Every structure is written in structure tokens, then in C-alpha cells.
2 protein chains.
Amino acid sequence: MDEPLKVMHVIQSELYAKFFQGLSNPVRYRIVELLLDGEKSVGELVNTLGASQSQISNHLACLKWCGYVSSRQDGKYVYYQITDKRVSQIMELARQVVADNAAHINSCTRM
Amino acid sequence: MDEPLKVMHVIQSELYAKFFQGLSNPVRYRIVELLLDGEKSVGELVNTLGASQSQISNHLACLKWCGYVSSRQDGKYVYYQITDKRVSQIMELARQVVADNAAHINSCTRM
DNA sequence: TCATTATATCATGAAATTATGATATGTTAT
DNA sequence: ATAACATATCATAATTTCATGATATAATGA
């Protein structure tokens, strides 16, 4: 047991799972959604989402690490944007699948 | 505050976040990956993944609720499969994005 | 320089997710 | 009918994620 191949698969799947974890939080999902409309500063996101500044900053850091967003600084403002077109493709596919399964998803109390 | 529009956005994003939560666990991700190769019984997944039977069954229930997989029963066996082509498209896009960001993702200790 | 504003970081408690072990359900074969 | 096997369900404990509040860093303007 514990063959090298299996170990590799475990590590790989942890990587991908972590990637999807980026969109598995409502606030982070909403941030990505807003950024698809164009870059926004941290403050703008805080205002729009009505969440605390530290919360937004933390989530942005997470999204940046996962490769969903990038950022640029302009004076004391930091603007976040989505540069990878594949991110919006993933979101759109999810939208379609969810549309066909909305009724089920909300009832998932298992985990 | 608490305008109807914002409430709707919150509910929507919770739905989508829950959907992505399906792939945000290494075991569930691995299950989907294996099923992309063709349908498998619960027992086969248990053997291949080396996880407990209850764990696999629970994860499968979760994936089913999210619309990632469907199942058919044949005698005492239950076979799970991926019917929605968009699931594999999402996986492939993720694979590409992760490939460009692998170094960063693993260092995401924030959350 | 000092005050103000914008953003980032971090410790901690609260809440949610997950694995485990036990048990239940259902099917097949004897 | 009952034993054996496959799968599902569920309570609970362990782990992880998350929000909060406090503090730090950094840029701008007075």
C-alpha cells in the first residue's frame, strides 16, 4: 500500500480541491462575480458587499493565491481584477449546471 | 440597508458557493476525476481511494446533490457516473488555471 | 512631521466541514 | 429464512474554515 502513484494523486487532488475552495465561500464567490464586471478597489468591494474590511482583504488574499484575481496598486488604493478568461468560463459553466440542479443543491445537508 | 437585491445576491452566491464546495474536498475531487473515466460502483471507489465505505457514500451523496454525478442501481451494486459534459469542462479549465498558478496555491495558508 | 485614509495581517472564538465507527437498509445466494 | 455482501445513514469527535476585533503597514495631504 501507499504506492508512489497514490501519494501523487492525493497531493494533486489536494491542490485542485484547494483551488475550488476559492469559490466555495459565498463572499469570495461574490467578489469574483463583481470583479468580472471590471476591476474594483478593496474599499469598493467593502461598500458593495457590506462586509468588514479585514474580511474582504483576507478573502482577496485567498483568491489571489488561488490565481483567480490579480492586483495593482495606485497610490493608497489597491485594485483587484480578473485577468484569466478561464475564470469566467468556469463561472458560466457552473451557472448552467446549477440552473439544472438548483432544487437539489440547497438540500445538501450532508456535508 | 438590506435591500431585496442584496438579499437575492447573497442567496444566489450561497447556492453557487455550495456547488463549488462539491469539488473543494480532495476525496470528492478524486471521485469525480475517477468517474470521468467511466462509471464505478461504490465498492470500486472504496478500493481505489482506500477510504472508508461510509466516507465514500457520504461524499457521493454530496456530489449527487450538487449535480456532479448520477447513479443507477444494478442488483446490490450502485454505479455512479458523470452525465453532464460541463462537469469535465469545468475540471479541464481548472486544470489549466492551476497549472499556471500551482506554486501559489499551496502556499495559501490564510483560509 | 503628524493626522488621515486605505489596505494588510494576525490571534482568537464561533461555526461549519469532515472522518470515524456503529448501525440500518436492501439485495442475492444458500 | 438466514447468512453474506453492498450501500446508506447517522451521531459524534476531530479538524478546518471563517468572522471579528485589534493592530500593523503604507501612502497621502495638511
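The structure displayed is predicted, hence computed values, not measured ones. Letters A, B, ... mirror the listed sequences (proteins, then strands); counts begin at 1.
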Check your understanding: According to a strict under-4.0 Å criterion, is A:H59 in side-chain N/O contact with OP1 or OP2 of D:dT17?
Key -> no
Review point. Rounding to a whole Å, what distance do you find between B:Y79:OH and C:dT27:C1'?
Key: 13 Å
Practice item. Would you kindly give the CG-to-P distance between A:L49 and C:dT7, to the nearest whole Å? Key: 13 Å
Practice item. Spell out yes or no: do the side chain of A:S52 and the base of D:dG21 have one donor N/O and one acceptor N/O closer than 3.5 Å? Key: no
Review point. Do A:V78 and A:L60 come close enough that some side-chain heavy atom pair is under 4.5 Å?
Key: no
Exercise for review: Check whether any side-chain N or O of A:R28 sits under 4.0 Å from OP1 or OP2 of D:dC18, and answer yes or no.
Suggested key: yes
Practice item. Check the distance between C:dA6's P and A:K76's NZ and give it to me in whole angstrom. Key: 5 Å
**Study point:** Euclidean distance, atom CD of residue A:Q55 to atom P of C:dT9 [Å, nearest integer]
**Key:** 16 Å
**Study point:** Sugar-phosphate, base or nothing in reach of A:Y80, heavy atoms under 4.0 Å
**Key:** sugar-phosphate
Review point. Should A:V10 and A:F20 be regarded as members of a common hydrophobic cluster, given that ILVMFWY residues are connected when their side-chain heavy atoms come within less than 4.5 Å of each other, either directly or indirectly?
Key: no
Review point. Of B:G43 and A:Q73, whose closest DNA chain D nucleotide lies nearer the 5' terminus?
Key: B:G43
Review point. Between B:Q21 (CD) and D:dC18 (C1'), how many Å, whole number?
Key: 12 Å
**Study point:** d(CG, B:N58; C1', C:dA24) in whole Å
**Key:** 14 Å
Point to revise | Check: A:D100 and B:R86 side chains under 4.5 Å, non-hydrogen atoms | key: yes
Point to revise | Member of A:L63, A:T83, A:V69 meeting the side-chain contact (heavy atoms from CB on, under 4.5 Å) criterion with A:L35 | key: A:V69
Practice item. Have a look at B:S41 and say if it touches a base, only the backbone sugar-phosphate, or nothing, with a 4.0 Å heavy-atom cut-off. Key: sugar-phosphate
Check your understanding: Does the base of C:dA6 carry an N or O that pairs as donor and acceptor with the side chain of A:Q53 under 3.5 Å?
Key -> no
Revision key, fill the gap. Checking A:Q53, A:Q55, A:H59 against A:S57 for side-chain contact (heavy atoms from CB on, under 4.5 Å), the one that qualifies is A:Q53
Review point. Roughly how many Å is it from OH in B:Y77 to C1' in D:dA8, rounded to a whole number?
Key: 16 Å
Review point. Which of the following nucleotides, C:dT18, C:dT9, D:dT7, is nearest to the side chain of B:V42?
Key: D:dT7
Revision key, fill the gap. B:R72 CZ to C:dG26 P, in whole Å, measures 20 Å
